[in-house]
Amino acid sequence: MTESTRRTPTEDPVGYDPAGIERKWQERWEKRGTNHADLDAGNRPFYALMMFPYPSAEGLHVGNLFAFTGNDIYARFQRLQGHTVFEPLGYDAFGIHSENFALKVGLHPADLIPQNIGNFRRQLKRSGLMVDWRHELSTTDPSYYKWTQWLFLQLYKRGLAYKKRAAVNWCPNDKTVLANEQVIAGECERCRAKVEQRLLEQWFFRISDYAGRLLSNLDTIDWSETTKQAQRNWIGRSDGAEISFRVQDLQELTGTATIASGGSGEFTSEPVDVRVFTTRPDTIFGATYLVLAPEHPLVDMVKTDEQRDEIDAYKARASKQDLVSRKVNRDKTGVFTGSFAINPATQQPIPIWIADYVLMEYGTGAIMAVPAHDERDFEFAKVFDLPITRVIAPATLPGSLAPLEEAYTETENVRLVRSGDFSNLSVAEGKLRIVEWLAAHGHARAIVNYRLHDWCISRQRYWGPPIPIIYCDKCGTVPVPESDLPVELPYVEDFKPDDSGVSPLARVESWYKVKCPTCGGHARRETDVSDTFLDSAWYFLRYPSSEFNDVPFDEKRTERWLPVTSYIGGNEHAVLHLLYSRFITMVLKDAGILNFEEPFTKFRAHGMIIRDGAKMSKSRGNVVNPDEYIERWGADTFRTYLMFLGPYEEGGDFRDQSILGVRRFLDRVWASVLGATADDSSADVTRKLHQTIKKVGEDIPALSYNTAIAAMMEYVNVLRRNERTPHRSEVEPLVQLIAPFAPHVAEELWEHLGHKESVFDARWPLFDPGLIVEERSTIAVQVNGKTRGTIQINAGEGQETAVAAAMGDPAIAKFVTGTPKKIIFVQGRLLNLVV
RNA sequence: GCGGGAGUGGCGAAAUUGGCAGACGCACCAGACUUAGGAUCUGGCGCCGUAAGGCUUGGGGGUUCGAGUCCCCCCUCUCGCACCA
């Protein structure tokens, strides 16, 4: 083949001008409304949702673009399959992040955010996403957060929003309360400051009421397994029992000879029980002491005069202690209360201790300690020289039991010992029978515990939706009437948080002083704002109805478009955002407002883009600015490169050099299409084309974008290496295959091929299964499992032909000594001769 | 500690689920294009070896005609959760 036949006769034989065609098609899409979805009448609705970005001042992050491009390809592919695809985008613009940045640069977030959004919108449009911009939204828009506040009221109405004084995580740097989820190993997730404890009045959502459903529903939805697993861990179901231990001779032990009970202020000598939660009721015969959390309400009741000072000192220390030292320094400390309780199984008195290794927030805030079979209890017992009674032993090891060097936590192939009538039972049966027995005497009940805590939504900050509650001297807590929504966030010059424990809004008297909506008397607004995660827990409900002002979401639109068909986002939101969205959806279902309870039918987590083996960050100086790359290579090349650098669900390492390969690919596609003639097609090329259509059509829905691109590259290589100019029918489907990845190039080439409509209004090409089959098959020939060569035989031929062909090849035959003892033949693949 | 994911050429990665390991791409090497080239095209490219051949998917065992893939033990990295009873 000569050079001249390979070269296309155009002036610029290869290479296209991205800037020109990208501008042209972006303008045309806008003018024609190509990306608009007919939300009321479109056939086969497909809601392709991506997690909306926080519009930072730095602009669009390449990670955002990676995520969005992956969603866009999926969405465009679905459209080519004949769906009406809705791909909306918005901004998660409230929150500490924006506020802190505004403080840093000395601007007001209300001024800053619109600028940032403008910049984001420009960047997003440039990258060629199929976004229906008519439904853009921002959580900071009063017409949006009006309904965030409405949502709060729906929860309040149903008793799912409540206020309580609680020890909360306080970040001394950001000067605000943090949700449990925002505390990483005792540090603020944002600024890494050591988190302290503070007691504040906070609003909570009863998400823990939904723990069981949030957990069991996971089995019904099509989500990334990693995400489901993260949610399961977070919800943390534990099956166990609650067991009561009667406190012994309390009157005699307490100096006052009486105990306070039920908060009535009366003195009584009613018996007092310590309730504990355990997952190992089978070990109760080994429970040699009890431990209460230092904050446990019974502590003051059971402490003896003798122990009082020591107990009080320990409690004081524990309450002051920040969470870091409590969680990082795990040395066991504690104090004996002076009291004893009766072990209901052994009837023996056991001492009651307090220790900070028992957490008030979990279970009942009290445990029965079984040092022989729990590592923490074992450690504690060693420190304070408490008795260690072994009640579990290997099933196969009879005889005497040596003292334990460490806690014996084995539960398989073991049996109960020293456990009265229950000795010799397995752990599973022991649990069952012992709980039954204790329950019959009123000492226990089987119970399920979850680690999931209620969701604290109060934030003592400025940049968020005010919580729609009014406190009236006479009427108490009064919800803002729905007709008065939104409670607008006032423009406040000084929005700097302070150490007071209340929001900066508490300094704005003109705003918080209001008349009570019920009695008209003097009242005061709640000055805390709500958590950003509440804004994002329902935004997907708003998109299809964003033009409706009298309802949060229109009934018909919602019926048609929800639940979300496909959701793509980062796994960093695996527990927070996704769990809250599910919770809110369930609440709305229970309220009769929605008719489904899982918001996202399908969810896939994309991977993360790193650079030089490390996360991108300004301090490392390895941040990729998409603008520069789009400028230089074009949006199509950049998009395709991002999808090619690794498996979409794993992410990958960004490398400047590698972009060139993708640009070459698109240039070759460009040249092939421009150079196409009306010659006959070739059987080899046609076969490869149909194989490629099949492969790409299977890979895109599996988000296997990197291999889809590789397949298209292979096809282009076949096209180029064929000794003739490509035929039109060989390149037209190729234009459609690249369309989801490189939409501008595809549109331009589609137009070049004479089409008047958008390539996205055409249908995805079909492959002919009959054309895919190879006529000759290449068979690997092994001798004793070692590959010695390959043979070519006709596709349908069987073992005999294959063996004959193999023996006819001297390079293979020389390894075959004598007649084969065994022959393994795999049709179309392999022949193995065992000699 | 518990739970998830992953270890494959110089690099990013493939591998129809037990059947030719390294597709595709980057980098590199050689050549072509009447000057140049961070352009384009052609060819080469796992490692050792002139070759025949041998070796090779983190390490070690096993199952199998055949293992990157299945089983057992170990190592490393990574991401969640973490005194949750």
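Lettering follows sequence order; numbering is per chain, from 1. Only a predicted model underlies this, so the values are computations on that prediction, with no experimental measurement involved.
- Nucleic acid contact for A:Tyr715: none, since no nucleic acid atom lies under 4.0 Å from a heavy atom of the residue.
- The residue A:Asp377 sits apart from the nucleic acid: no heavy atom pair falls under 4.0 Å.
- Separating the CD atom of A:Gln827 from the C1' atom of B:G19 is a distance of 13 Å, rounded to the nearest angstrom.
- Taking 90° from 0 as the syn/anti boundary, the base of B:G62 is oriented anti.
- A close approach under 4.0 Å does not occur between any side-chain nitrogen or oxygen of A:Arg232 and OP1 or OP2 of B:G3.
- Salt-bridge check for A:Asp219 with A:Arg232: passed, with a basic side-chain N closer than 4.0 Å to an acidic carboxylate O.
- A salt bridge is absent between A:Lys382 and A:Asp377: the closest approach of a Lys/Arg side-chain nitrogen to an acidic carboxylate oxygen does not fall below 4.0 angstrom.
- Across every strand in view, B:A30 sits in a pair with B:U42 that passes the Watson-Crick or G-U test at under 3.5 angstrom.
- Note on A:Phe665: nothing from the nucleic acid sits closer than 4.0 angstrom, heavy atoms only.
- For B:U17, the glycosidic angle deviates from 0 by 90° or less, giving a syn base.
- Rounded to whole Å, the P atom of B:A23 lies 15 Å from the corresponding atom of B:A13.
- Looking at which nucleotide of RNA chain B each of A:Lys786 and A:Gly363 is closest to, the 5′-most match is held by A:Lys786.
- A donor-acceptor contact closer than 3.5 angstrom links the side chains of A:Thr707 and A:Ser704.
- With respect to the salt-bridge test (charged N to carboxylate O, under 4.0 angstrom), the residues A:Glu698 and A:Lys694 qualify.
- Base pairing annotation: B:G1 forms a Watson-Crick or G-U wobble pair with B:C81, both donor-acceptor distances under 3.5 Å.
- Within the 4.0 angstrom heavy-atom criterion, no nucleotide atom of any strand lies near A:Asn449.
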